[in-house]
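The block underneath contains the structure these notes are about, expressed in structure tokens.
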Amino acid sequence: MSEDGVDVAAWRPGLIEAAFPWFLRIVAAYSLMFGVAYWVRLIGYYDGPLWRFDTMPVEWQVASVSLSVLFPFAGIGLWMTASWGPVIWFLCAAMETTMYWGFPDMFGHRPLIAVSHLLVALIYIAFRVGIALQRRNARID
């Protein structure tokens, strides 16, 4: 028996709790991909307009530097299923959503990115609620 009344030997993780780390790792892979995309933008590897740090406007410089550091950091935390991983990912998602929905004249209008962040956040909430219900039912049984 543990201190919260659940018999640890009899408790087995359910499907929701087993799938949650895989969901986090998929989001981690996407976070790392977004981080690499921002690094490509910073070092000027892609030959496009305003794709080098020295030719970017100041708002893009601040956003690119911040997100090029935060997205890989979030990806590492999500991959390790650390508690701080989703928090850092939320900061990145909030920044990008604010960029593309709040200031479309500066950053462009990319609603697909904002909607994808919202969808990931909703799936994350659904997983957390499902795990909490599953654990509560395990305590009751």
Side-chain angles (χ1 to χ4, degrees), residues 2-141:
S2 68
E3 67 264 0
D4 60 354
V6 177
D7 186 8
V8 178
W11 183 79
R12 301 275 185 257
L15 180 62
I16 296 172
E17 201 159 346
F20 186 60
W22 290 104
F23 167 72
L24 291 178
R25 289 188 174 142
I26 290 169
V27 176
Y30 279 106
S31 294
L32 291 172
M33 181 183 70
F34 279 128
V36 168
Y38 279 105
W39 274 106
V40 165
R41 179 175 293 224
L42 285 177
I43 62 174
Y45 184 73
Y46 179 78
D47 191 30
L50 302 177
W51 272 76
R52 277 192 0 232
F53 186 77
D54 58 339
T55 62
M56 290 179 192
V58 174
E59 62 271 5
W60 267 109
Q61 289 177 346
V62 171
S64 295
V65 168
S66 301
L67 292 172
S68 69
V69 172
L70 289 175
F71 263 125
F73 191 59
I76 292 167
L78 289 166
W79 190 270
M80 295 185 326
T81 65
S83 61
W84 49 266
V87 174
I88 302 299
W89 176 86
F90 178 78
L91 290 174
C92 296
M95 281 180 68
E96 274 198 329
T97 301
T98 303
M99 283 169 50
Y100 295 125
W101 271 2
F103 302 101
D105 53 328
M106 284 193 248
F107 297 102
H109 187 64
R110 298 179 70 186
L112 189 59
I113 289 179
V115 169
S116 67
H117 287 319
L118 178 65
L119 182 64
V120 168
L122 290 174
I123 293 171
Y124 178 83
I125 290 168
F127 265 114
R128 297 304 293 180
V129 168
I131 290 170
L133 291 174
Q134 186 178 14
R135 287 183 178 174
R136 188 184 74 179
N137 290 340
R139 267 185 289 193
I140 291 172
D141 293 338

Got a sec, which residues hit ring pair (Phe, Tyr, Trp, His ring centres under 6.0 Å) with F103, two or more places apart in sequence or on another chain?
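Checked F103 against ring pair (Phe, Tyr, Trp, His ring centres under 6.0 Å); zero matches.
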
With sequence neighbours excluded, what pairs up with Y100 under the ring pair (Phe, Tyr, Trp, His ring centres under 6.0 Å) test?
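Applying ring pair (Phe, Tyr, Trp, His ring centres under 6.0 Å) to Y100 gives none.
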
Taking C-beta and beyond as the side chain, do [X] and [Y] meet within less than 4.5 Å on heavy atoms?
X: R41; Y: M56; answer: yes
X: M106; Y: M99; answer: no
X: M80; Y: L24; answer: no
X: N137; Y: Q134; answer: no
X: P111; Y: W101; answer: yes
X: L42; Y: V65; answer: yes
X: R25; Y: L78; answer: no
X: H117; Y: F90; answer: no

Considering all heavy atoms of both residues, which atom of G35 and which atom of P72 are nearest to each other, and what is their separation?
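Shortest heavy-atom separation between G35 and P72 comes out as CA-CD, 3.8 Å.
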
Where P86 and A82 come nearest, the two heavy atoms and their spacing:
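Distance-wise, the nearest heavy atoms are CD-O, 3.3 Å.
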
Apply the test side-chain contact (heavy atoms from CB on, under 4.5 Å) to residues V36 and M33: give CA-CA distance (whole Å), side-chain angles for both, the deciding distance (0.1 Å), then the verdict.
CA-CA 5 Å; V36 168; M33 181 183 70; 5.8 Å; no

Those residues that, when tested against D105, pass side chain to side chain donor-acceptor pair (under 3.5 Å) (two or more places apart)
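So D105 forms no side chain to side chain donor-acceptor pair (under 3.5 Å) with any residue.
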
Rounded to the nearest 0.5 Å, what separates atom CG in L70 from atom CZ in F34?
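Output value for this atom pair is 14.0 Å.
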
Can you tell me which residue pairs pass the side-chain hydrogen bond (donor to acceptor under 3.5 Å, both in side chains) test with a partner in residues 61-86, sequence neighbours excluded?
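As it turns out, there is no side-chain hydrogen bond (donor to acceptor under 3.5 Å, both in side chains) pair with a partner in residues 61-86 once direct neighbours are skipped.
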
Which pairs, with at least one residue in residues 30-39 and sequence neighbours excluded, count as a side-chain hydrogen bond (donor to acceptor under 3.5 Å, both in side chains)?
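Listed by first then second residue: Y38-E96.
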
What side-chain donor-acceptor pairs closer than 3.5 Å can you find for residues 120-131, not counting sequence neighbours?
none

Main-chain N/O of I113 paired with S116 side-chain donor or acceptor, under 3.5 Å
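Pair found, side chain donor or acceptor close to backbone of I113.
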
